[in-house]
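Numbers restart at 1 for each chain; the letters A, B, ... are given by sequence-line order, proteins then strands.
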Amino acid sequence: MEKVKVRVKGKEYEVEKGTPLGRVFELAGIRDAIGGVLEGELIDLQTPLRRGGEVKPVYRGSREGLEIMRHSLAHIMAQALKELYGPSRVRLGVGPTTEEGFYYDVEVEGKTITEEDLPKIEEKMREIIRRDYPILRRELSREEALELFKRLGERYKLDIIRDIPEGEAISVYEQGDFVDLCRGPHVPSTGKVGSFKLTSVSGAYWRGRSDQPQLTRIYGIAYWSDKELRERLKFYEEVKRRDHRRLGRELEFFTIDDNVGAGLILWLPRGAIYRKVLEDYLREEHLKRGYQLVYTPHVGKSKLWETSGHLECYRENMFPAMKIDDEEYYVKPMNCPFHIAIYKSRVRSYKELPLKLFELGTVYRYELSGVLHGLLRVRGFTQDDAHIICTPEQVDDVIRETLEFALSTLKDFGFDEFKIYLSTRPEYSIGSDEQWERSQNALRKAIEGLGYEYEVDEGGGAFYGPKIDVKIRDALGRMWQLSTIQFDFNLPERFDMTYVGADNKRHRPYMIHRALLGSIERFTGILLEHYAGLLPIWLSPTQVIVIPIADRHHGYAREVLERLRSEGIRAEGDFREERMNAKIRDAELKKIPVILVVGDREMQSGTVSVRSKKEGNLGSMELSRFVEWIKEKIRNKE
RNA sequence: GCUGGCGUAGCUCAGUCGGCAGAGCGCGGGAUUUGUAAUCCCGUGGGCGCGGGUUCGAGUCCCGCCGCCAGCUCCA
């Protein structure tokens, strides 16, 4: 009999090949493990050892164990469904784990599972957990497996079995009278799982293909302890509380009107002020760095989009054509062809490169109605878009400067945690080896030069060039992709872009697309959620609200207001016949960063009583001192 | 687009078995002149998403449409 050598806790054990891991743990005196990691592979106690190596035991409460336990919960849910609705009515798809828990795709004949059914299913699951069935692994031959699942009427499982490569073991796991095709791993018995909650149901196509039947996907989240589970549920509450669609309405930033159209944003006055500040900032920063501002139209002739290749490759994302004077026009989904037309408006010399054209360009893209989501996924949006056209020699400097610009911009909005991704040449691509080499090097050097970690997505670039994407982490720990810096070897060819070099010959320039925030709309959604609606003072539509206590203070309040406004501070007054407390409450709910209360005392001494949303009541301050105080905060982008 | 859920006042929601459409907030008017998160009183506001059908009678039941929300990538 063949033997394998397994090392556990520094000791080596030689056992027959195929011995279950649990047996080895017994020899090693390990009692309460629920599984193990064999050379990086997560296995359970019943997994037969087919190779040797180092094994680390996995216990309840551990991270690796979480994966095992969640997987078992998916099975327990499937068993519960079979018990509730009858085994022959329930057909199972796949039931994997997710980052937070698990799901199972199922089909229940003659019944649509809704969220109302979830408590009942949970209750049945708890019952199965209490019964503490041992979970047993069995390996079957292909024929046995096909026979078994045919008998059970599990047509989806049969699909899966057919896809398992020859020679790979086919295993099933049994608990009570429930049996499921499964690679494992699983906990030793149904009683050894953690806390869970079923959260939602949705439709999901079998194998993710729309030509396949749609199953019901039931989601659950699971953690080892009640405490962790409660914390995660609280996190979801927080996500809901911070939903930018709700904040956008409460703060009167934007609205979406059915009569205007789905995915089309109407910016309300308060949102518009914020947007103006944001856009002014962007334009200033671009001018500082030698970009030139341009404006381009919203539509262009079909010929333009033919040349650019958009009609060929991007048509399904474009709004359909409109006919004008026997000529077809398309609403722009991108700004590049226009920026290229600007570049080509005259002969360009190498002396004026790099040429950096910047536009807050509003584009329209057709998105499926089902994917639209507040500001985060829309059909019309404004990009902070630029195209940089340069010589090959300038590529390194241009990229370094651009990446630096992107990161410093993100930092200005309060994002300091980034993840940078470098996507390289895919299998099918255009452009020369030299172009790819030079560009990829420039991107890599730029990231390394700034001392950042990055991940390489090998072959993940577009067919027309490599790129860097920057993702940020928001206050809730979620990652969002914002900046992108992307080479394009395609458009300069298609549009025959050239510059005259020092040699008085025509050369092909390099072109780079880049966006820092991506889209103003989407970025605003992310920002609202990141700050839970409490924007930094420099971005707040109203920075200060002046609250007079009684009518006799209105005159002084107006003086204060005027002074603030003359200093360029966005200030408002609350002159309603309301009690001070009510006015403060309203201002707090509107998340206005600073409240100035003025009454008899302030009027006499020429001061204001400062209450900051962040820091609470700060007491009285001379008016001029307050002006300095808040200007300092605005300057520092607090 | 597909599947499921939901559409009642500007907002958040209640409306039982099919039997006179409600509450709070908001908004308007009045009283109150107030020191750090809701003063009181009165009033206003609804084609119950749209269109059909069943019924003596439909917010409620049935059918069709529209809109919104969630999911549709993570391979037993």
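- The nucleotide whose nearest atom lies closest to any side-chain atom of A:Tyr219 is, among B:U33, B:A37, B:G71, B:G71.
- In this structure B:U60 sits in no base pair that meets the Watson-Crick or G-U test at under 3.5 Å.
- Distance CD1 (A:Ile256) to C1' (B:C69): 12 Å, rounded to an integer number of Å.
- In a base pair of the Watson-Crick type (N1 to N3 plus N6-O4 or O6-N4) or a G-U wobble (N1-O2 and O6-N3), with each distance short of 3.5 Å, B:C13 is matched with B:G22.
- The interatomic distance linking A:Glu67 (CD) with B:C75 (C1') rounds to 13 Å, in whole Å.
- With both ends at atom P, the span from B:A9 to B:G4 equals 26 Å, rounded to whole Å.
- B:G49 and B:C68 are spaced 10 Å apart, taking the C1' atom of each and rounding to whole Å.
- Computed from coordinates, the A:His71 NE2 to B:A76 C1' distance equals 7 Å when rounded to whole Å.
- The separation between A:Lys590 atom NZ and B:A37 atom C1' is 14 Å, rounded to whole Å.
- Following rounding to the nearest Å, A:Ile218 (CD1) and B:C72 (C1') show an atom-to-atom distance of 15 Å.
- When both distances must be under 3.5 Å, the Watson-Crick or G-U wobble mate of B:G43 is B:C27.
- Residue A:His373 has its side chain nearest to B:A70 when only B:U33, B:G35, B:A70 are considered.
- Using a 4.0 Å cut-off between charged nitrogen and carboxylate oxygen, A:Glu107 and A:Arg89 do not count as a salt-bridge pair.
- Taking atom P in both B:C40 and B:G53, the straight-line distance is 50 Å, to the nearest Å.
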Scan nucleotides 38-41 of chain B against the protein and return all N/O pairs shorter than 3.5 Å with their distances rounded to 0.1 Å.
residue: B:A38; atom: N9; partner: A:Arg585; partner atom: NE; Å: 3.4
residue: B:A38; atom: N7; partner: A:Arg585; partner atom: NE; Å: 3.4
residue: B:A38; atom: N7; partner: A:Arg585; partner atom: NH1; Å: 2.9
residue: B:A38; atom: N7; partner: A:Arg585; partner atom: NH2; Å: 3.4
residue: B:A38; atom: N6; partner: A:Arg585; partner atom: NH2; Å: 2.6
residue: B:A38; atom: N1; partner: A:Arg585; partner atom: NH2; Å: 3.0
residue: B:U39; atom: OP2; partner: A:Arg579; partner atom: NH1; Å: 3.3
residue: B:U39; atom: O4'; partner: A:Arg579; partner atom: NH1; Å: 3.3

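- Remark: B:A70 base-pairs with B:U3; criterion is Watson-Crick or G-U wobble with both hydrogen-bond distances under 3.5 Å.
- For A:Tyr274 and A:Phe253, the ring centers sit closer than 6.0 Å to each other.
- You'll find that the side chain of A:Ala550 is closest to B:U33, out of B:A76, B:G35, B:U33.
- Salt-bridge formation is detected for the pair A:Glu83/A:Lys124: a Lys NZ or Arg NE/NH1/NH2 atom is positioned less than 4.0 Å from an Asp or Glu carboxylate oxygen.
- Residues A:Leu92 and A:Leu181 fail the side-chain proximity criterion, which asks for heavy atoms closer than 4.5 Å.
- No side-chain heavy atom of A:Val106 sits under 4.5 Å from any side-chain heavy atom of A:Tyr85.
- When distances run from any side-chain atom of A:Glu602 to the nucleotides B:A37, B:G35, B:A76, the shortest one goes to B:G35.
- Spacing between B:C20 and B:U60 at atom C1', rounded to whole Å, works out to 15 Å.
- Nucleotides B:C63 and B:U54 have their C1' atoms positioned 11 Å apart, rounded to a whole Å.
- Closest-nucleotide positions on RNA chain B for A:Arg249 and A:Asn617 were compared, and the one nearer the 5' end corresponds to A:Arg249.
- Across the protein-nucleic acid pair, A:Leu372 atom CG and B:G1 atom P stand 10 Å apart, rounded to whole Å.
- Using a 4.0 Å cut-off between a side-chain N of Lys or Arg and a carboxylate O of Asp or Glu, A:Glu238 and A:Arg242 qualify as a salt bridge.
- As rounded to the nearest Å, B:G1 and B:U16 have C1' atoms that lie 39 Å from one another.
- Taking 4.0 Å as the cut-off between side-chain N and carboxylate O, A:Asp243 and A:Arg246 do not count as a salt-bridged pair.
- Taking atom C1' on both nucleotides, B:G43 is separated from B:C66 by 36 Å, rounded to a whole Å.
- Along RNA chain B, the nucleotide closest to A:Leu589 and the one closest to A:Asp551 are compared, and the more 5′ of them pairs with A:Asp551.
- Atom pair A:Arg576:CZ and B:G30:C1' shows a separation of 17 Å (rounding to whole Å applied).
- At a threshold of 4.0 angstrom between heavy atoms, the contacts of A:Asp600 include nucleobase atoms, whether or not backbone atoms are also involved.
- If you check the side chains of A:Tyr173 and A:Asp44, you find a donor sitting under 3.5 Å from an acceptor.
- At a threshold of 4.0 Å, the pair A:Asp586-A:Arg576 counts as salt-bridged, since one of the basic side-chain nitrogens sits closer than that to a carboxylate oxygen.
- At whole-Å resolution of the value, CD in A:Glu107 and C1' in B:C2 are 15 Å apart.
- B:C48 and B:A58 are spaced 12 Å apart, taking the P atom of each and rounding to whole Å.
- Taking a cutoff of 4.0 Å between a charged side-chain nitrogen and a carboxylate oxygen, A:Arg241 and A:Glu250 do not qualify as a salt bridge.
- Salt bridge A:Asp469/A:Lys419: absent, no basic N to carboxylate O contact under 4.0 Å.
- Taking a 4.0 Å limit (strictly below) on heavy-atom distances, residues 153-162 of chain A reaches RNA chain B at A:Lys157, A:Ile160.
- With B:G35, B:C74, B:A76 as the choices, the nucleotide that has an atom nearest any side-chain atom of A:Arg601 turns out to be B:G35.
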